[in-house]
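One structure is given here, and the rest of the page talks about it.
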Amino acid sequence: MTDQNGTIESHPLQNAESTETFPPSPDFVGQANLSDPSVYWRAAEDPETYWAEQAEQLHWRKPFTEILDWTNPPFAKWFADGELNVAENCLDRHVAAGLGDRIAIHFEGEPGDSRSISYAELTHEVKRAANMLTSLGVAAGDRVAIYMPMIPETIIAMLAVARLGAAHSVVFGGFSAESLRARIDDAEAELVITADGGYRKGRVSALKPTVDDALALHGGGSTAQRVLVVQRTENDVVMEPGRDLWWHEEITAFDGEHTPQGFPAENPLFILYTSGTTGKPKGILHTSGGYLTQASTTHRNVFDLKPDTDVYWCTADIGWITGHSYVVYGPLANGATQVIYEGTPETPDWGRWWSIIQKYGVTIFYTAPTAIRACMKVGRQVPEQYDLSSIRLLGSVGEPINPEAWRWYHEVIGGGRAPIVDTWWQTETGALMISPLPGITALKPGSAQTPLPGISAAVLTEEGEPVKRGQGGLLVIQRPWPSMVRGIWGDPQRFIDTYWSKFGDQYFAGDGARLDEDGDIWLLGRVDDVMNVSGHRLSTAEIESALVEHHAVAESAVVGADDETTGQAVVAFVILKSQQTLLDPEDAEVELKKHVAAQIGAIARPRQVFIVNELPKTRSGKIMRRLLKDAAEGREVGDTTTLADTAVMQTISDRVRRERAAK
Ligand code: PRX
């Protein structure tokens with residue numbers, strides 16, 4: 001965490017930084033995809049050749065002769081004169097290699113239905129869907145919004161869009177109508193693919209009505225002309241004639257003949273919106289050849305994938321980058337067999353995940369620290385009822401994993417034998433960047449440790465000098481990498497300002513990090529106004545602007561306060577308008593929590609809303625969130641001397657303390 005001078009202290013959850021290490025077992029090393037540490041220095045000597053060798057493992061319709069073009073930083077081009085079809089790489093080439101009968105997806109629905117889909121079947125379905133999309137006018141260069149539950153059709157839709165050289169913009173199914181509409185319009189998507197609903201927590205969670213609401217907002221006029229609806233839950237939905245079509249009805253007209261065409265390596269593959277430090281989400285743009293190269297290489301190396309024997313499961317929703325790179329593109333490009341699960345881990349009870357691991361013999365399991373901590377709270381007696389002996393490797397993503405959760409994961413889920421790869425990366429990096437290699441690295445609980453081969457990362461002072469071992473600073477990536485963000489959709493200047501203005505042509509990740517005495521990297525959390533709640537990125541500014549849109553709210557300040565389960569939690573401080581009579585301060589907390597969930601989505605719902613009379617401000621009017629964070633976390637409030645009114649903070653922290661005590 002940064003203090004007010006911007007220097008880095010430590011991450012609150014990493015209080016006891018451990019010195020214990022876990023070297024790979026001889027058995028693991030003996031079978032590992034990578035076990036020779038020379039891979040690091042060979043890649044470091046000539047990273048471009050290293051990445052070209054990785055890219056050559058894909059199927060290129062026109063081979064590339066150029067590797068990296070960095071003549072116009074920060075706009076990189078990788079393999080730019082090559083042409084490939086991303087979907088063909090994930091599908092047809094495995095079938096052509098005789099692997100058509102291999103299971104690509106074991107789908108487990110929340111109510112207990114299941115389907116196993118082979119590579120041949122998945123290829124067939126994607127070809128049909130591509131033909132259907134063509135008939136709806138989707139062509140190379142277009143954008144298609146996808147707002148879906150975790151079902152196979154979501155993957156089919158993404159791959160069908162990619163197959164046509166169009167770009168998808170997947171919007172997480174938990175986002176509100178308002179958030180969905182903003183994303184549809186920003187990308188100028190002409191088609192939305194959705195479902196009637198999905199199953200979550202034992203109930204139907206409707207999706208199509210949110211699409212209807214989204215398209216009706218602001219008097220209509222959205223760029224989206226068509227809505228294609230997958231039938232999953234059979235809840236009643238209204239179909240608007242001329243606009244809405246059922247997927248299962250349309251697709252019957254199309255067969256499985258579709259010849260993939262090559263598209264340039266820099267053809268856009270997808271846009272994925274993520275929160276930044278302002279109220280407007282950023283459309284992170286990824287392209288094809290470099291992205292697929294790094295997603296597949298890292299998936300193979302870090303998860304030590306053996307495609308013919310492993311059963312891989314990443315629990316991330318497809319609406320996030322982890323779902324894009326490590327459910328769809330990485331695993332399918334590698335011909336992996338994987339599990340996808342529609343629902344939540346506690347439905348019908350907390351044994352659900354472990355029963356799925358037992359059922360399919362999952363060997364590689366990748367999830368987030370928040371989920372691990374939630375399972376820890378429930379207790380080890382739940383997973384202990386299941387046979388988890390198939391597990392041979394575990395992964396962690398999205399936030400720092402505290403050593404206590406690491407040890408629990410290692411012992412209880414990994415049987416004390418499975419290595420854990422703590423993978424640091426971002427929506428913008430597209431693929432894993434800093435992570436142990438399980439056949440090489442002696443693991444340190446709580447640290448992501450080492451940049452992967454071909455990646456060069458550093459921790460710098462504010463002035464851009466490398467920090468010494470034992471010190472903290474700001475994390476940067478020093479050289480371009482194949483799966484790097486190519487820009488912010490429609491806003492090149494924001495791209496430059498956000499990531500490249502601080503340290504020139506080095507990418508500033510927005511994270512604080514510390515180098516330990518061995519030179520290993522420990523992530524310390526964001527140094528900007530971005531929160532990380534359950535491994536999901538939320539912007540303080542976005543929630544603040546949602547709050548002030550409420551008719552009763554005059555002003556608001558939002559902070560991410562430490563939370564023992566979700567890493568951070570949203571805590572809002574709100575001043576109500578003095579003349580307003582519509583909202584009783586007694587009801588305000590409940591009402592404003594609901595309001596934020598409706599405006600942005602349930603993930604942004606504040607844990608607490610404190611109604612206050614004033615906010616702590618400097619004499620120039622800047623809200624001092626750092627002090628609010630101290631109060632929200634129950635700490636002694638820091639230096640208040642720069643406040644215009646020093647008494648304000650005392651009142652607020654007394655309030656927070658009283659409420660904490662009452663709970
Ligand atoms: O702060 C870092 C944290 O998550 C941020 C990226 O969020 P997002 O783009 O939503 O992607 C999440 C999944 C890749 C980072 O800036 N983060 C991600 N992985 C780790 C992490 N923090 C610590 N350790 C990690 N392994």
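Counting convention: from 1, in listed order, for ligands and their atoms alike. These numbers come from the heavy atoms of this one structure, side chains and all, not from hydrogens, waters or symmetry mates.
Applying the ring-ring contact (aromatic ring centres under 6.0 Å, His included) definition to pairs two or more places apart or across chains, none involves residues 433-452. Listed by first and then second residue, the ring-ring contact (aromatic ring centres under 6.0 Å, His included) pairs involving residues 439-459 amount to none (not counting sequence neighbours).
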Would you list the atom pairs, donor with acceptor, under 3.5 Å between side chains in residues 414-421 and any protein atom, with sequence neighbours excluded?
{"from": "Arg417", "atom 1": "NE", "to": "Ile391", "atom 2": "O", "distance (Å)": "3.4"}
{"from": "Arg417", "atom 1": "NH2", "to": "Ser389", "atom 2": "O", "distance (Å)": "3.4"}
{"from": "Arg417", "atom 1": "NH2", "to": "Ile391", "atom 2": "O", "distance (Å)": "2.7"}

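Sparse packing is recorded around CD of Glu404, with 12 or fewer heavy atoms of other residues, nucleotides or ligands lying under 6.0 Å away. For Lys593, the NZ atom sits in a packed shell: over 12 heavy atoms of surrounding residues, nucleotides or ligands are nearer than 6.0 Å.
The aromatic rings of Tyr326 and Trp425 lie perpendicular to each other, with more than 60° between the two planes, well past the 30° mark.
When heavy-atom distances to ligand 1 are checked against 4.0 Å, the residues falling inside are Ile321, Thr322, Val397, Gly398, Glu399, Pro400, Asp422, Thr423, Trp424, Trp425, Gln426, Thr427, Asp511, Leu523, Arg526, Asn532, Arg537, ordered by chain and number.
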